[in-house]
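Scroll down for the structure; my scribbles are underneath it.
Reckoned from all heavy atoms, side chains included, excluding hydrogens, waters and symmetry mates. The chain is numbered in sequence order, starting from 1. For ligands, and for the atoms within them, numbers begin at 1 and follow the listed sequence.
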Amino acid sequence: MADFPAQARAVVIGGGIVGCSTAYHLAKLGWTDTLLVERHKLTSGSTHHAAGLVGQLRTSANITQLLGHSVALYRSLEAETGLASGWKMNGGLRLACSEERWIELKRQATSARSFGLDMHLLSPREARQLWPLMDVSDLVGAAFLPTDGQVNPSDITQSLAKGARQRGVKLFENTTVLGIELDQGRVTAVLTSRGRVACEVVVNCAGQWARQIGQLAGVNVPLVSVQHQYLITDTIPGVTPGLPTLRDPDRRTYFKEDVGGLVMGGYEPNPHPWAVAGFPDNFNFQLLPADWDHFQPILDQAMTRVPALSQAGVKELINGPESFTSDGNFIIGPAPEVSGFYVGAGFNAFGIASGGGAGQVLAQWVVDGEAPCDLWPVDIRRFGPPHGDINWVRARTLELYGKHYAIAWPGEEHAESRSWRRSPLYERLQAHGAVFGEKMGWERPNWFATAGESARDEYSYTRPNWFAAVAREHEAARERVAVFDQTSFAKFRLAGNDAEQALSWICANDVARPVGCLTYTQMLNRRGGIECDVTVARVAADDFYIVTGTGFVTHDFDWIRRQIPDGLDARLTDVTSHYAVLALMGPEARRVLERLTRDDVSNAAFPFGQARSLHVAGTPVLALRITYVGELGWELHLPVEQAATVYEALLHAGAEFGIANAGYRAIESLRLEKGYRAWGADIGPDYTPMEAGLSWAVKLKSRIPFLGRESLEQQAREPLKKRLCGFSTNDPAVMLFGRETIYRDGERVGWLASGGFGHTLKTNIGYGYVRQQGGMSREYLLAGHYELDVATERIPCRLHLSPLYDPKMERVRS
Ligand SMILES: Cc1cc2nc3c(=O)[nH]c(=O)nc-3n(C[C@H](O)[C@H](O)[C@H](O)COP(=O)(O)OP(=O)(O)OC[C@H]3O[C@@H](n4cnc5c(N)ncnc54)[C@H](O)[C@@H]3O)c2cc1C
């Protein structure tokens, strides 16, 4: 074996499928000076006991595409390395045994079409033709994705390792990582059982041990280990090599063909965690004791689907631990705590399916220092304060594991790990009937039940039980006045002599305006894609107050911090916990506010787009004249300990105007009507402000340099290839949730990024990008005849290029 190197450009930790794929792709991108270290042998972690199903469809287009890259790679790798991967494209079948599951399946088929995958809906008889061994007496229908398949996990990993080696990567087995050296927040070296390796970048692909590895560098990788079991049978007559993989979510089970027999696994509702008190030493190529009592209910279910199972001999019940996360998605990207430290872990029992694609985007991220596309659903920066609490993470993760095959309801909230972070108004809101949802550990009012209404969510693919309540709250904001507790907003301060210079570089809009000005702005990456969508208030010559969404606290803080040019005096601090936020919105908002302050809040003295320090109910408040609901109103940012004082005063003063409490679901309905964009859905790193219809918020006409400017200038010279548009359909039977396919003159041109019901306009509203490779004009967009595919049915709809509600901003500026 070659000498252990003292230096490498990148060190990849972990020789499972994800580490090998990342090393392979790093080398492919020219980072051949990469070292992979594995403490035992390649594939000795979770990879060795995976079942090997490869499904592709996810709820995000980019993650679906990432899985598609895995498939493309697994098909072609043998030709490159000479090592077979065991790839078999036998397709994937998914069953529905209830009407609600059937709706879910039809919506999945629509999502698949949106993302360019051809998923067929089948009758029970057609499904049985593909899988003759199954009983279909309870089936409503099935869906078949022909390009899904299966692979041999160890073979594909060895093949990737060989491909990496061929391109110059050094792989060292029996090499344990013991420490990570840092200097001023940057990775400088990895300490291993064979010695120290100086490096620029570390990529932590240590599977369920990735949390431990992260701790060596002060990086939080929020994942936990859970036991996962599947059975391997002897040969079963009728099981043929071409049998598709089969998922039977109503029975919590999955199947795949395995040398003439079946692999059958499942997700128990009461999962068993593993290694809660720490990992045993030398857990390599090992399994946990088979837990038949735990598995029996799954087996019973499976035997009713495939009666031949009851006659089959059992080779083995595999019980392998695997890392799972609190939202069911894996974790990749740069750790916000340490520069040069990347993570690729937490694969929730679809690491074999994801390994190829995840390694590719992770390698690209490392090489470019920027994600190649929008990877928000799997970005490590989607985590924040609650994910530092391992009990929080474990409880939520186990809940999600138990719900793995449950119907994923629109708007669904989870029961575990709740009440971790509460606004000072929590009990008061509860007394007013608040039904809470959770975001980043915060309890936030989603809607308010009145007497006689059940104060709990009842989910549905048609109108859920909160529909009428949201309509009431929506109406209050449109016609009278409503108060929203938005304390969970993430809030930062950027202060220092060079704060203006730094922020001018980071923001696409002009923030170098006088004190008291408020600027809605995006922050762009080099491609001009929208990384952050924030409001900036200049509170002093050298002090800016930045407000962003609750869920973006880690991501946006990290983005801003990293983009501050070296040497500037601009210090970023997170002040989220310092301020409660009450948004007072509606045509009567001014009259309510006037009763509580001596300050002048007239339109002349306090116009839209300004920030002022006021005293409201005796409390010092930073008032932002801004709105996300499209009405006259103010966001009042105030000391946490005075939130109750101001809230009570607002309710008291607002009583004569019919003030109402309102929640986040009303905000969603209101903002859809007004056409305000939501980051993570309508806008994100894949879309520029021009494509998103936000060119008005970009300072291209100025000569101020800013990050992403060159890309936007380039884009401005050509016709747009995609454009965010609004869509509406009045059909009361339709519910839009996002991912519905957009057709223009019968041709698939995109999908909805978000959707919902506008209670003032009494219409379904969605937003999505229309795509046209050759570029498009406004006339082209308006000339088309549009339809939406909703649960595989084509619904006529109208396209809108202006907000459906108050396009002239008359209500907002009044
Ligand atoms: C029973 C079961 C069935 C599954 N079925 C499927 C399936 O059908 N389809 C699918 O897509 N996925 C499936 N999975 C999931 C899949 O196995 C994992 O998601 C995938 O293998 C994760 O790969 P990895 O590279 O992240 O982790 P691992 O394979 O665990 O690799 C991590 C490596 O890091 C090494 N390491 C740890 N600490 C150190 C250290 N200090 N120094 C050096 N090296 C270290 C470990 O030894 C290990 O080899 C299943 C998992 C289980 C348990």
Is a side-chain donor-acceptor pair under 3.5 Å present for N282 with H40?
no
Taken in chain and number order and not counting sequence neighbours, the residues that satisfy side chain to side chain donor-acceptor pair (under 3.5 Å) with N90 are Q150
Using a 6.0 Å distance limit plus a 45 degree cone around the ring axis, check whether R58 lies over the aromatic ring of F350.
yes
Check whether NZ of the Lys or CZ of the Arg R39 lies under 6.0 Å from the centre of the six-membered ring of W209 and within 45 degrees of that ring's axis.
yes
Indicate the atoms forming the closest heavy-atom contact of R305 with C97, along with that distance.
NH2-SG, 3.1 Å
Pair E104 + R94: basic N to acidic O under 4.0 Å:
no
Run through ligand 1 for me and note each protein residue having a heavy atom under 4.0 Å from it, chain first, then residue number.
I13, G14, G15, G16, I17, V18, V37, E38, R39, S44, G45, S46, T47, H49, A50, A51, G52, L53, T175, T176, V177, C205, A206, G207, W209, I213, H228, Y230, G320, P321, E322, F347, A349, F350, G351, I352, A353
